[in-house]
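Counting convention: from 1, in listed order, for ligands and their atoms alike.
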Amino acid sequence: MQLADIPTPALLLERSILERNLDRMAARARRLGVALRPHVKTHKCVEVARRQAERGARGFTVSTLPEAEALAAAGFEDLTWALPLEPSKIGSALRLARRVTLRLLLDDAETFRLLETAAAGAGTMLHAWLKVDCGYHRAGVDPESPEAFRLARRMSASRAVRFDGLLTHAGHAYGAFDPAARRRIAEEEREAVVEFARRLREDGVRVPEVSVGSTPTLTIVEDLAGVTEARPGNYAFFDLTQVALGCCDVADVAVSVLASVISHPAGSGRAVVDAGALALSKDPGPQAPEARDMGAVCADALAPAVDPSLRLVSLSQEHGVIRPVEGADLAGRLPVGARVRILPNHSCLATACHDVFHVVDGGRVVDRWRIQRQR
Ligand SMILES: Cc1ncc(COP(=O)(O)O)c(C=O)c1O
């Protein structure tokens, strides 16, 4: 199949860029002395997971049970479900834990009590991480609080649930555009859990593992002493947000949305493509509102280089509006039926809009990989 034959909008995955991104992070983890447990929320795809496993991933991180089910069906048996556990999901988790090593995540004493009771009743071994807040202030216990210490102690003493250790995610690194600030957050991410683990161990609590990970911190950190594993996700594809943060170059962005021009009224100064928010998501990216683009346009779908004269200025459900930058002109360009590629602001959300990757190499479609996007 050629690119010209694919119905648009469609998600393209450049195989060689993907493999280079995977190689680089695997090498980085080896150099830093940590195991990799990639987060599959970015790709939701067994074929990509296989390539991560071939490069030494020790297991995977998932954000949904369907992702976990898909990986389990493909034979991957060491999975961390990295969303704080909600008690109504304990039954489903127990069913899955009969087939794989399932590591759950929590930050709540009552949820742990319910989990312990259910695991003991079912006679099924579950694992659990204690989620630690390293400054993102989303989920996670405050490592300085007495409650966090008590919960860790309680989890480590459990017979029904195996305590895996401490896990954190520095999501606030997505606001750090200065490399020094990003490096500082990476160090704070490491220190929050390593220092908490040290205090717990000093008090006789066994902390087997210490897990950190986000793409902005993992691409800059130079020292992960005390950490045992890392869970980056976005690095497999990167996107324009990671480019803006300085984590990668535009040439490292592995996914794009193939779109067709569906309207270009003569003299209007705008071309409309069939990729809207349901193909790209509506992630505004990191720019200030007045400079905000909803993606970057590659005018030639076969030779994907960003065209600096074009802006994707707005998205509605199925429409994307392209305008020229100040001083440029669309006359004679982008007629109805022309095809462009659009690099996404956020590759994880764009991927979750699609059922399949069209895997491309040198302008040829070489494969189709399923995306596990059910929730
Ligand atoms: C708990 C957890 N771990 C790891 C990651 C991976 O982060 P990134 O996609 O920045 O690599 C995420 C992303 O949201 C996460 O929530």
Side-chain angles (χ1 to χ4, degrees), residues 18 21-22 24-26 28-29 32 34-45 48-49 52 57-65 67-68 79-86 102-107 127-141 164-177 182 185-186 188-190 192-193 209-221 224 227-248 252-255 281 283 285-286 344-352 375:
L18 166 73
N21 292 346
L22 301 187
R24 283 183 181 159
M25 186 57 85
R28 205 166 158 66
L32 289 162
V34 295
L36 260 192
R37 184 185 291 281
H39 205 316
V40 308
K41 67 193 271 285
T42 303
H43 55 74
K44 297 174 177 284
C45 175
V48 179
Q52 290 172 316
R58 77 136 53 140
F60 291 97
T61 310
V62 301
S63 53
T64 67
L65 277 178
E67 286 169 11
L79 307 175
T80 290
W81 184 16
L83 205 71
L85 179 67
E86 188 271 308
L102 185 62
R103 306 174 193 277
L104 302 170
L105 182 90
L106 47 83
D107 59 7
H127 293 238
W129 297 97
L130 177 59
K131 175 86 192 260
V132 174
D133 180 8
C134 63
Y136 187 21
H137 306 323
R138 192 174 65 177
V141 295
D164 279 341
L166 307 177
L167 180 150
T168 198
H169 167 65
H172 51 313
Y174 279 89
F177 291 92
R182 193 152 58 93
I185 291 174
E188 284 164 9
E189 181 183 39
R190 183 194 77 83
V193 272
E209 300 278 340
V210 174
S211 178
V212 301
S214 77
T215 294
T217 53
L218 257 280
T219 46
I220 203 163
V221 75
L224 281 180
V227 169
T228 60
E229 65 159 45
R231 312 175 318 280
N234 185 278
Y235 78 96
F237 294 167
F238 289 118
D239 52 31
L240 297 176
T241 299
Q242 302 288 352
V243 174
L245 284 162
C247 303
C248 66
D252 299 320
V253 179
V255 284
S281 90
D283 193 307
N345 284 341
H346 189 167
S347 61
C348 315
L349 290 185
T351 296
R375 301 189 48 78

(request) Report yes if the side chains of Q242 and Y174 come closer than 4.5 Å at any heavy-atom pair, otherwise no. (result) yes

(request) Return the set of residues passing salt bridge (charged side-chain N to carboxylate O under 4.0 Å, His left out) with E229 (not counting sequence neighbours), or none when no residue passes. (result) R37, R58

(request) Assess P216 for proximity to ligand 1: is some non-hydrogen atom of it under 4.0 Å away? (result) yes

(message) Out of all atoms in ligand 1, which are within 4.0 Å of some heavy atom of S214? Include the element for each.
(response) 7 (O), 8 (P), 10 (O), 11 (O)

(request) Consider every N or O of H39 and every N or O of ligand 1, then say whether any pair is closer than 3.5 Å. (result) no

(request) Would you mind running through ligand 1 and noting each atom that sits below 4.0 Å from a heavy atom of K41? (result) 13 (C), 14 (O)

(message) Using heavy-atom distances only, which candidate in W129, Y235, Y174 approaches atom 10 (O) of ligand 1 most closely?
(response) Y174

(request) Answer yes or no: is there a side-chain heavy-atom contact under 4.5 Å between Q52 and L36? (result) no

(message) Counting C-beta onward and ignoring hydrogens, is there a side-chain heavy-atom pair between L32 and V221 closer than 4.5 Å?
(response) yes

(message) Nearest 0.5 Å, please: how far is OG1 in T61 from CG in L105?
(response) 10.0 Å

(request) Could you tell me which residues satisfy side-chain contact (heavy atoms from CB on, under 4.5 Å) with L83, sequence neighbours excluded, listed by chain and number? (result) W81

(message) Do T219 and R24 pair up side chain to side chain, a donor and an acceptor below 3.5 Å, judged on atom types alone?
(response) no

(request) Please identify which atoms of ligand 1 are closer than 4.0 Å to at least one heavy atom of N234. (result) 8 (P), 9 (O), 11 (O)

(message) Show me which atoms of ligand 1 lie under 4.0 Å from any heavy atom of R138.
(response) 16 (O)

(message) As an exercise, identify every atom of ligand 1 less than 4.0 angstrom from a heavy atom of G233.
(response) 6 (C), 8 (P), 9 (O), 11 (O)

(request) Output yes when a side-chain donor or acceptor of R231 lies under 3.5 Å from a complementary backbone atom of T168, and no otherwise. (result) yes

(message) Please state which option from R37, K131, H169, M25 has its nearest heavy atom closest to atom 15 (C) of ligand 1.
(response) H169

(request) Give the numbers and elements of all ligand 1 atoms closer than 4.0 Å to a heavy atom of R231. (result) 1 (C), 2 (C), 3 (N), 4 (C), 5 (C), 6 (C)

(request) Compute the minimum heavy-atom distance from G171 to ligand 1 and say whether it is under 4.0 Å. (result) no

